[in-house]
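Quick one: the structure is below, questions incoming.
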Amino acid sequence: MTRPAPRAPYSFRTDPVVPRFAYDAPFAVMDGKCAICSRGARMIHRYDRSGAIRIITAQSALGRALLAHYDCAPDDPDTWLYADHGLAYGSFDAMARMGARCGGWLRLFAIFRLLPCGVQDWLYRRLARNRYALFGQGDLCAIPDPGLRARIIE
């Protein structure tokens, strides 16, 4: 599933499966083994000057529980989630919203919002399903930058 199931804002707070965590800031749930996701995490760290956006790996217990809460399969390559003000987004819509929050040239991701949802999702699925072949694998949790490591919720 490319987009998370619609839920009420902050609905994960009342889900007994989702571990408690500080949800006072936007967060992204992304593949911790994907090189392009590691690059995305570094971009968030660089351009989110407020330092607000937190990163949760899809392989962690919290990441898996959040993804399940939104009916997203943690092991599906299409899965990534961005949540802001308690609302979850996926696909290129999530990238556009995250880019708007971070600022800088990441605001250019807004161009994807001009495409119909079906086209966005089709393009995103093609990229996601081929990301290891195109970009290789990386380890998000092995990133040595202490500032970026501070954003990761494990």
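Residue numbers start at 1 and run along the sequence shown.
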Practice problem: Look up atom OH in Y70 and atom CG in D15, then write down how far apart they are to the nearest 0.5 Å. | Solution: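 Reported to 0.5 Å precision, the distance equals 9.5 Å.
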
Quiz item: When V29 is tested against each of I56, L62, I153 for side-chain contact (heavy atoms from CB on, under 4.5 Å), which residue passes?
Solution: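 Among the candidates, only I56 passes.
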
Exercise. Sequence neighbours left out, what pairs pass salt bridge (charged side-chain N to carboxylate O under 4.0 Å, His left out) with at least one residue falling in residues 80-99?
Key: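 Non-adjacent pairs meeting salt bridge (charged side-chain N to carboxylate O under 4.0 Å, His left out): R3-D93, D84-R101, D93-R97, D93-R113.
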
Quiz prompt | Closest non-hydrogen atom pair, A65 against P19 | solution =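 In terms of heavy atoms, the two residues are closest at CB-CD, 3.7 Å.
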
Quiz item: Would the number of heavy atoms belonging to other residues, nucleotides or ligands and lying under 6.0 Å from CG of L108 be above 12?
Solution: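 Count over threshold, so yes.
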
Practice problem: With sequence neighbours excluded, tell me which residues meet side-chain contact (heavy atoms from CB on, under 4.5 Å) with H45. | Solution: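 Only D145, L148, R151 meet the side-chain contact (heavy atoms from CB on, under 4.5 Å) criterion with H45.
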
Practice problem: Check side-chain contact (heavy atoms from CB on, under 4.5 Å) between R107 and all other residues, then give those that pass, not counting sequence neighbours. | Solution: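 With neighbours one apart ignored, the set is empty.
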
Quiz item: Any link between V17 and L81 through a network of hydrophobic side chains (Ile, Leu, Val, Met, Phe, Trp, Tyr) touching at under 4.5 Å?
Solution: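 No, it is not one cluster - the side chains of V17 and L81 are not joined through contacts under 4.5 Å.
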
Quiz item: Which atoms form the tightest heavy-atom contact between R20 and F12, and what is the distance?
Solution: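 Of all heavy-atom pairs spanning R20 and F12, the closest is NH1-O, 4.4 Å.
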
Quiz item: Under 30°, 30 to 60°, or over 60°: which ring-plane class applies to F112 and F109, parallel, tilted or perpendicular?
Solution: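 Because their plane-to-plane angle is under 30°, the rings of F112 and F109 count as parallel.
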
Quiz item: If you round to the nearest 0.5 Å, how far is CG of D121 from CZ of F92?
Solution: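 Here the rounded value is 9.5 Å.
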
Quiz prompt | R13 atom CZ, neighbour heavy-atom count above 12 within 6.0 Å | solution =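 Atom CZ in R13 is packed in, count exceeds 12.
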
